[in-house]
Amino acid sequence: MEMDLTQAVQQNLLNTDRCLVCVQVAELSTWAKTSRILALVHHQGEYGLFIFAIDKSPVATASDLSLKAVVGIDAAVVCDVSSPLGIVEADLEFKIVKHDCTYTFEMSIGQECNTFVAEFYRVLQSCHEQYGDGTLDFSWVKPYGGEEIRGSSQAQGNQPHSHVSLSKATGNSASTFYTFEDNFQTSVPDASLKKSSALPAMASGGNLRQKLEREVTPLLRHSSLDMMGSRDGIIKRVMETREDEYTDIQTFRVFTGTWNVNGQPASVALQAWLAGDDEPPDMYAVGFQELDLSKEAFLFNDSPREDEWLQAVTNALHRGATYTLVRTIRLVGMMLVTYVAEPLRERVIEVAAETVGTGIMGKMGNKGGVAVRFLLHNTSLCVVNAHLAAHTDDCERRNQDHADICERLRFARFDPPLPIWQHDVVLWIGDLNYRLDQLAYDQVMLLMEKGAFAKLLEYDQLYTQKKKGRAFKTYEEGPITFRPTYKFDPGSDTYDTSEKCRVPAWCDRVLWKGQHVKQLTYRSHPTLMISDHKPVSALFDVGVKVVDVVKFKRVYEELMKQLDKLENEYLPQVTLDTMEIDFDRVAFVEPAAQYLIVANTGQVPVEFEFIRKPNDAGYCKPWLSISPYKDYIMPGEKRDVKLEVYVKAAMAARLNAGDDRIDDILVLHLHGGKDIFVTVGGRYVPSCFGASLQALCSMPTPLREVPVAQLVDLGSPETPAAAAAADAPYDIPKEIWSMLNHLYEFGVQEGSLFQQPGLPSEILQIRDVLDTGIADSLPGSVHSVAEALLMFLEALPDPVVPYSHYQQCIDRSRDVTACEQLVAAFPPCHSNVFRYLMAFLRTVLYFVDRNKSDVMESLALMFGSILLRAPPGVEPTLPPRMLDNCKATFVTNFITE
Amino acid sequence: MAGRGTAQRPNGAGAAGKICQFKLVLLGESAVGKSSLVLRFVKGQFHEYQESTIGAAFLTQTVCLDDLTVKFEIWDTAGQERYHSLAPMYYRGAQAAIVVYDITTQDTFSRAKTWVKELQRQASPNIVIALAGNKADLANGRMVEFDEAQAYSEENGLLFMETSAKTAMNVNDIFLAIAKKLPKNDQAGGGAVGQGGSGSRRLDEGGAGSQGSTGKCCK
Ligand SMILES: Nc1nc2c(ncn2[C@@H]2O[C@H](COP(=O)(O)OP(=O)(O)OP(=O)(O)O)[C@@H](O)[C@H]2O)c(=O)[nH]1
Ligand SMILES: [Mg+2]
């Protein structure tokens with residue numbers, strides 16, 4: 001089974017810590033690049049960047065990784081992402097600086113990298129928001145370099161080098177740049193580090209990744225192409241960051257109340273607690289603890305008290321407004337009830353509730369928290385009602401409960417599940433159970449009598465723990481001006497007179513977090529006496545972000561404009577030196593080249609390609625070739641594209657006849673952008689190469705002296721001019737005669753005729769002499785003349801063996817007599833040329849003195865394929881080899897003695 | 001100021017909700033002002049000496065309707081007759097077309113009509129076609145009567161407006177009218193905006209779009 005990387009990392013972590021996202025990178029140092037795994041690890045609201053070395057690749061199990069260093073993430077961390085040269089395809093450089101330590105990593109761009117960087121930025125941002133410029137001590141990181149790992153390496157006592165030490169990278173004690181010495185790699189982390197597995201959050205890690213991929217990827221610089229893909233996500237993101245521009249802060253009054261009712265039935269009216277003010281609040285959040293102390297409630301989470309108390313609350317709400325219940329949530333004895341005043345009902349959306357038990361086994365619901373969250377207009381609000389561990393000495397346990405609730409309470413309807421801290425406003429109420437330390441009953445009573453609450457508060461555990469940053473660190477609490485709310489003799493206003501004689505304490509509290517929150521009152525309500533606690537309330541004015549539709553539309557449209565602009569700006573852009581390429585004079589087998597300069601004048605790399613037009617076979621005509629026809633160009637760079645014309649035998653006839661012209665429109669497509677049309681033109685110079693036998697036989701003068709119109713007419717046998725040419729002045733074209741005559745005079749005795757290639761330049765000269773008749777004899781070597789002859793025959797629009805006779809000649813190639821009859825039936829100029837050629841080949845063979853039969857065979861194959869060509873568009877009836885043999889056999893009939 | 005962006009938050013106004021993406025093509029004889037209309041619409045500019053388009057220019061522009069956002073992928077084609085045979089590359093798969101003529105030249109109106117015919121025959125069957133009588137600022141030289149073009153448009157079920165890229169008259173309006181008229185049913189579209197955004201907009205691959213598909217819609 002292959003192991004997911006996140007899983008492998010997770011198994012290297014402690015139970016309390018979770019790998020949010022990880023990625024494989026290369027760590028860059030001056031002399032090396034080393035593979036690493038970067039993991040973003042979460043520990044109770046704090047984060048660390050864990051850097052793992054890869055001991056075995058690919059990573060298959062947790063032990064393939066070993067921890068190299070941890071960077072605690074707080075405001076001291078600076079992170080920079082850049083891609084060298086602004087190249088989209090290149091790797092990203094991810095640089096982390098904390099104090100005077102710098103790590104540089106290279107990541108290959110992709111979803112994983114994007115996800116990681118996006119998530120890292122998100123965490124960094126939230127750390128800034130949560131902790132401001134303060135640095136954290138990251139004590140939770142210590143175990144990774146502390147006892148457990150040391151223990152395990154000592155177990156392998158015979159390896160002196162596997163000693164592990166945790167050294168601080170800088171002398172600054174505030175720094176949390178822990179690095180482990182390199183030899184740490186050889187030690188195997190203790191099994192106790194791996195016991196955490198299959199955390200429920202693993203699944204959400206995956207969701208988180210997907211979500212971020214969708215949303216944040218495009219925020220990375222230089223990825224303009226990705227941008228189009230996730231425009232949706234960007235819009236959402238940017239609109240959120242620009243919220244201030246289209247929302248107004250409107251103040252709403254929020255009542256919060258908390259009461260530990262000690263399992264009592266709802267037998268009293270609650271108006272004194274809930275409706276004591278003149279003005280009705282806009283929202284209520286009322287929390288109870290120990291609503292039901294029964295076994296049933298504890299074991300089955302089932303309580304008749306729920307309805308009872310809900311009813312009591314509903315009955316006691318302020319008369320000045322009509323309220324709608326938003327949501328109630330209960331876990332054993334903890335219940336939270338939320339209402340909004342009627343006009344706000346429409347403005348409350350995304351309501352969710354969640355519970356977390358921190359009681360026995362970290363699970364049972366006798367202790368823990370319940371929470372409700374929703375959006376009020378555009379402000380996200382979360383109310384937590386908690387009941388933390390009891391007993392004076394269990395302060396640490398209470399801190400832990402608080403941390404557990406913060407960490408574990410996540411609203412699961414969101415993807416990823418939404419934690420408490422990701423809300424604009426958090427109101428935290430409940431029986432937090434913090435006591436007064438160091439003071440005896442009498443001392444407390446004395447201070448209380450004097451009304452010295454500020455003095456008394458100095459002994460309050462919550463006050464001191466919070467100050468030390470051990471709980472509720474980021475929360476605020478208003479000044480307490482009421483007497484401790486615990487512990488009373490039930491039904492009285494008297495502090496505990498039992499033999500336990502508990503020291504009074506402010507167990508019941510209200511704290512908050514968020515902007516635009518102003519506490520108006522913070523009170524206890526001593527007239528309610530059924531419980532051993534007094535209820536507490538706090539009234540707030542909460543500034544809520546209310547969308548101004550007109551402003552929203554304006555911001556939204558402005559953003560659209562910006563994105564359009566950006567998108568259009570980042571479209572691929574090129575400039576061509578010309579869009580018309582004129583080859584001027586184009587002649588048979590005479591190559592000519594022109595260059596097109598494509599300059600990338602845009603801001604992004606361009607991939608260009610010449611693309612096929614509808615109804616065309618290729619991206620350009622067969623007489624043209626383009627190289628490169630597709631390529632990349634970086635911004636500011638150029639590419640020379642070579643366009644080359646070359647008219648081969650097979651294309652000559654159509655160009656000669658005007659059926660085709662040196663004329664084409666090329667479509668230069670920029671991937672992800674526009675198309676540019678490039679026109680290619682030229683003037684084809686007609687030649688006897690590509691003219692028909694018929695036409696050539698009827699022309700007394702060289703081809704260039706014949707007017708083009710007449711030339712075209714002569715080409716097609718239906719026209720009167722062609723009919724007149726039937727009784728042609730020549731038996732065979734003088735061009736063929738001229739070449740054969742030349743070869744006869746100078747070449748037949750050369751044994752290797754038709755076996756050596758000619759020189760292209762000489763072939764061009766031969767072509768010109770034939771077309772113009774300027775010289776009596778042909779220039780160049782006999783091999784050039786021989787090749788010119790072959791080209792000439794190949795370029796004939798109707799081959800020497802006419803298309804009309806082709807199939808019969810193939811079918812009957814083994815029948816000598818039939819073949820002779822077929823040749824006799826060719827149009828006269830065709831049969832003349834054929835016979836003339838055969839006679840010539842016999843002469844050639846006559847002079848061959850060695851390997852005569854081999855030479856004969858190769859000549860037969862060569863001429864067979866040139867003289868017998870299948871009519872265009874006709875599917876061959878035989879496999880190519882057999883077809884070639886038939887053609888050769890046909891020719892052989894006429895060249896054997 | 002707790003972290004944001006993780007929870008879905010419909011920010012009150014619904015406009016941000018839904019984005020539909022459509023391919024729009026401009027057709028019409030050379031020099032009628034296709035590029036000028038696009039330039040006016042996308043960048044709010046006008047050039048007295050606008051170069052003739054040799055190719056097919058590509059730009060995007062978003063318009064916001066009350067309940068949704070429409071993103072146009074605009075293809076501005078070359079009007080010169082010699083490029084006529086390449087036009088199908090661009091109107092194939094388009095959900096909208098603006099056929100442009102110049103009110104001061106009768107020929108361009110005739111040419112516009114043949115474009116409309118070609119679109120009706122060859123483009124996707126539910127294509128929304130708008131006819132734009134451009135250069136309306138040159139009313140002195142008018143050769144095509146408003147009523148004539150209007151009547152023709154009605155007969156053929158086209159949106160019709162006289163526009164001026166120079167004065168900006170009716171330029172946004174015609175795009176907006178198209179945006180409103182485009183079918184936006186989710187089922188038909190399906191694909192998310194940009195579909196992965198590889199940026200490949202190669203046209204001969206867009207052929208599938210011509211089988212009567214409507215806009216790509218998403219939430
Ligand atoms: N007076 C006036 N002139 C316009 C208007 N629109 C365009 N023009 C001018 O008309 C000329 C041609 O405009 P283009 O936008 O290039 O025309 P086109 O349809 O894109 O032409 P091609 O790209 O060749 O197909 C330019 O000189 C413009 O300045 C208009 O509304 N009024
Ligand atoms: Mg143009």
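Numbers restart at 1 for each chain; the letters A, B, ... are given by sequence-line order, proteins then strands.
Both the backbone and the side chain of B:L59 come within contact range of chain A, judged by heavy atoms closer than 4.5 Å. Residue contact with chain B, scored on non-hydrogen atoms closer than 4.5 Å, is absent for A:Q125. For a residue to count as touching a neighbouring chain, one of its non-hydrogen atoms must lie under 4.5 Å from one of that chain's; by this rule A:V667 touches chain B with the side chain only. With a 4.5 angstrom heavy-atom cutoff, A:I676 touches chain B via backbone and side-chain atoms both. The contact between A:E580 and chain B is made entirely by side chain atoms (from C-beta outward), counting heavy-atom distances below 4.5 Å. Proximity to chain B (any heavy atom under 4.5 Å) is restricted, for A:T679, to the side chain, taken from C-beta onward. At a 4.5 Å heavy-atom cutoff, the contact between B:V42 and chain A is made by side-chain atoms alone.
The ring of B:F58 has its center no closer than 6.0 angstrom to the ring center of A:H669. Taking the six-membered ring where the residue is Trp, the centroids of A:W512 and A:Y475 are separated by 6.0 Å or more.
Contacts of A:K674 classified as salt bridge (charged side-chain N to carboxylate O under 4.0 Å, His left out), with partners at least two apart in sequence or in another chain: none. For the salt bridge (charged side-chain N to carboxylate O under 4.0 Å, His left out) test, no residue two or more places apart in sequence or in another chain qualifies with B:D173.
With hydrogens and angles disregarded, no donor-acceptor distance shorter than 3.5 Å links the side chain of B:K23 to the backbone of B:W75.
Salt bridge annotation for A:K551-A:D248: present, with a cationic side-chain nitrogen under 4.0 angstrom from a carboxylate oxygen.
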